[in-house]
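Here's the structure we're looking at; comments come further down.
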Number of protein chains: 2
Amino acid sequence: MAEAPAPQGGSGLLFLTDEQLRKGIEAMFFAYRGFTADPDRILENRDMGRAHHRAIHFIHRSPGTTVSNLMALLGVTKQSLNRVLRALIAAGLVEVRVGRRDRRERHLHLTEEGAALERELSNAQRERMRAAYRTAGPVAVAGFRQVLEAMMDDDSRRQYEALAGRGG
Amino acid sequence: MAEAPAPQGGSGLLFLTDEQLRKGIEAMFFAYRGFTADPDRILENRDMGRAHHRAIHFIHRSPGTTVSNLMALLGVTKQSLNRVLRALIAAGLVEVRVGRRDRRERHLHLTEEGAALERELSNAQRERMRAAYRTAGPVAVAGFRQVLEAMMDDDSRRQYEALAGRGG
DNA sequence: CACAATACGTCAGCCTTGTTGACATTCCAA
DNA sequence: TTGGAATGTCAACAAGGCTGACGTATTGTG
């Protein structure tokens, strides 16, 4: 498998055949399943799911983010998000602080316990990612990210870059 | 294999930092959203969803596949799959043929209409993939696939390779 | 042949996670 | 003061997962 990329010799653009594209599509499908498997396993003991993981991830990533900010990031309605946040707050994982400048806003933070769960989840996911990165090597990783970024919707890419620009 | 954005040498393995891994994780999240956006849009007019798309894809990919084969591929229960298949059959998109060697088996095929929808869906998805591939270039595409393959569970990788070996 | 196992369909009920719609509250800003 | 923004919440619903249980052909095996 994984026949070399055939750096456009003779017939050129061989990597754009329908067959190559289809393989990419199927690779995304199967890889995403692996990508979510570990956190899913961890959370199923806790009466939580992928939605909670995503919220925890982005609250950790942008401490103090507001509800509407998180809504836009996750691409869900406030009702859907609210249900998840309520569970996280009830479980003592997330803390809400009323905005100081604008007191309508709710700023979201992880509690100590929430941060601990975040670490557990992201350690599992990072471990898989690290193994994949190590197997594939730095050049492959650069390509991986390039293709993923090119695959995003414009809105998502902006959000992704806004995040990426922050911590890194 | 020695051009691409060199992984800024020096301290080595810089591509394995937590920050790099986190970026990869977020890239997967946002890219997968784009990846599924086009088919989702097409199907929402038809009272169908992602589950139907996945079934159609793999039936197209492996014509004559059995129900249990498809179950394993999709990673869902027969009850869940059955609901989807019933809808597809009722809509005249999928045809069922009783197995000749083993008449307990049901072999699944797309009808003409089903094949037409499959083309519409995969054209949309391939178009996005093609644009991403073109933007990123062949070296990046090879890396993309390498990382995705390394990220899969062993089972998924076997299924992926079995598919890939077929039509490839 | 009798019986176990396989492949499949189906009913019933449950869960998560998404949706719309409607309404209340609080607060900023013009 | 008033309109609109940000948020919370209730209700109802749908898609698409799940488990458990049962039924029915069909096939393989002792």
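Just so we're on the same page: letters track the sequence lines, and every chain starts at 1. Only this structure's heavy atoms are used, side chains among them; waters, hydrogens and symmetry mates stay out. Source: prediction; values computed, not measured.
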Hey, what are the protein-to-nucleotides 27-30 of chain C N/O distances that come in under 3.5 Å?
residue: C/dC27; atom: OP1; partner: A/Arg103; partner atom: NH2; Å: 3.3
residue: C/dC27; atom: O2; partner: A/Arg104; partner atom: NH1; Å: 3.4
residue: C/dC28; atom: OP1; partner: A/Arg101; partner atom: O; Å: 3.2

Taking atom [atom2] of [N] as reference, at what distance in whole Å does atom [atom1] of [X] sit?
X       : N      : atom1 : atom2 : answer
A/Asn82 : C/dC23 : CG    : P     : 19 Å
A/Asp47 : C/dC15 : CG    : P     : 10 Å
B/Leu81 : C/dC8  : CG    : C1'   : 11 Å
A/Gln79 : C/dC23 : CD    : P     : 14 Å
A/Asp40 : C/dC15 : CG    : P     : 19 Å

When we call it a touch if two heavy atoms are under 4.0 Å apart, what does [X] touch: a base, just sugar-phosphate, or nothing?
X        : answer
A/His107 : nothing
A/Thr77  : base
B/Arg86  : sugar-phosphate

Check whether any side-chain N or O of A/His52 sits under 4.0 Å from OP1 or OP2 of C/dT16, and answer yes or no. no
Quick one: is C/dC8 close enough that its OP1 or OP2 comes under 4.0 Å of any side-chain N or O from B/Ser68? yes
Please test A/Leu93 against A/Met48 for side chain to side chain contact (heavy atoms under 4.5 Å, CB included), starting from the C-alpha separation and ending with a verdict. CA-CA 12 Å; A/Leu93 302 172; A/Met48 298 199 190; 3.5 Å; yes
So which one's nearest nucleotide on DNA chain C is more toward 5', A/Arg106 or A/Val84?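 By nearest-heavy-atom nucleotide position, the 5'-most residue is A/Val84.
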If you assign each of B/Val96 and A/Arg83 to its closest nucleotide in DNA chain C, which residue comes earlier from the 5' end?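 Closer to the 5' end of DNA chain C: B/Val96.
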Are the side chain of B/Asp102 and the backbone of B/Arg104 linked by a donor-acceptor contact shorter than 3.5 Å? yes
Classify the angle between the aromatic ring planes of A/Phe35 and A/Tyr32 as parallel (below 30°), tilted (30 to 60°) or perpendicular (above 60°).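 Tilted.
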Would you call the rings of B/Phe144 and B/Tyr133 parallel, tilted or perpendicular, taking 30° and 60° as the class edges?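 The rings of B/Phe144 and B/Tyr133 stand perpendicular, inter-plane angle above 60°.
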Closest approach of A/Gly92 to A/Thr111 (non-hydrogen atoms, all atoms of both residues):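 Here A/Gly92 and A/Thr111 meet closest at O-OG1, 2.6 Å.
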Report yes if some heavy atom in the side chain of B/Phe30 is under 4.5 Å from a heavy atom in the side chain of A/Glu149; otherwise report no. no
With the threshold set at 4.0 Å, does a side-chain nitrogen-carboxylate oxygen contact exist between A/Lys23 and A/Glu26? no
Bounded by its outermost nucleotides with an atom under 4.0 Å from a heavy atom of chain A, the footprint on DNA chain D reads D/dG4 to D/dC10
Distance from A/Leu81 atom CG to A/Gln79 atom CD, nearest 0.5 Å? 10.0 Å
Identify the residue among B/Arg119, B/Arg126, B/Glu127 that makes a side-chain hydrogen bond (donor to acceptor under 3.5 Å, both in side chains) with B/Asn123.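 So, applying the side-chain hydrogen bond (donor to acceptor under 3.5 Å, both in side chains) to B/Asn123 and each of B/Arg119, B/Arg126, B/Glu127, only B/Arg126 qualifies.
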